[in-house]
Amino acid sequence: PRSGSRQDATALPSMSSTFWAFMILASLLIAYCSQLAAGTCEIVTLDRDSSQPRRTIARQTARCACRKGQIAGTTRARPACVDARIIKTKQWCDMLPCLEGEGCDLLINRSGWTCTQPGGRIKTTTVS
């Protein structure tokens, strides 16, 4: 009974290779679309804690695709690729982390910076 050939034996390999070709193309498309362009960043997570009066603690995680000599940093209150020298020397204000019109000052121990708005409100950012 096993010596005879089956009629559907040739349909399965061609269907299988078409299926796998589709799966490979789909996975390549997904991989390509999830890649960031060189020199760009995106926010992955953003958590806010407003449990204390008159104080909001925000933590964000960013994913960056920086060019050679650059590292993830902050420009105009958004994640950005900045010159690695700024991070190594902790000259945080050199990366222009504050919004337009705000003043930037280094914290005394260089653990971060403050952005002072014209109305006197101060936003403090620490690097961990």
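The model shown is predicted, which means the values in this text are computed figures rather than measured ones. The analysis underlying the following values was restricted to heavy atoms, covering all of them including side chains, and did not include hydrogens, waters or symmetry mates.
Evaluation of the side-chain hydrogen bond (donor to acceptor under 3.5 Å, both in side chains) test over residues 82-91, restricted to residues two or more places apart or in two chains, returns none. Applying the salt bridge (Lys or Arg N to Asp or Glu O under 4.0 Å) definition to pairs two or more places apart or across chains, those involving residues 95-112 are Arg76-Glu100, Glu102-Lys123.
Asp47 meets the side chain to side chain contact (heavy atoms under 4.5 Å, CB included) test with no other residue; sequence neighbours excluded. In this view, Arg121 and Gln117 satisfy the side chain to side chain contact (heavy atoms under 4.5 Å, CB included) rule, not counting sequence neighbours.
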Inset, instruction - Could you walk me through whether Cys104 and Cys98 pass the disulfide bond (SG atoms under 2.5 Å apart) test, one step at a time? - result: CA-CA 6 Å; Cys104 181; Cys98 302; 4.1 Å; no

Inset, instruction - Output, in order, the C-alpha distance, side-chain angles, deciding distance and verdict of side chain to side chain contact (heavy atoms under 4.5 Å, CB included) for Ile43 and Arg78. - result: CA-CA 9 Å; Ile43 296 174; Arg78 302 280 303 155; 3.6 Å; yes

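Counting all heavy atoms, side chain and backbone alike, Leu107 lies closest to Thr125 at CD1-O, 4.1 Å. Residue Gln70 comes nearest to Gly39 through the heavy atom pair OE1-CA, 4.3 Å, listed as atom of the first residue, atom of the second, then distance.
With side-chain heavy atoms closer than 4.5 Å counting as contact, directly or through intermediates, Ile122 stands alone and belongs to no larger hydrophobic cluster. Its side chain within the 4.5 Å cluster rule, Met95 clusters with Ile71, Val82, Ile86, Ile87, Trp92, Leu106, Trp113, Val127 among the Ile, Leu, Val, Met, Phe, Trp and Tyr residues.
A distance below 2.5 Å between sulfur gamma atoms is met by Cys81 and Cys66.
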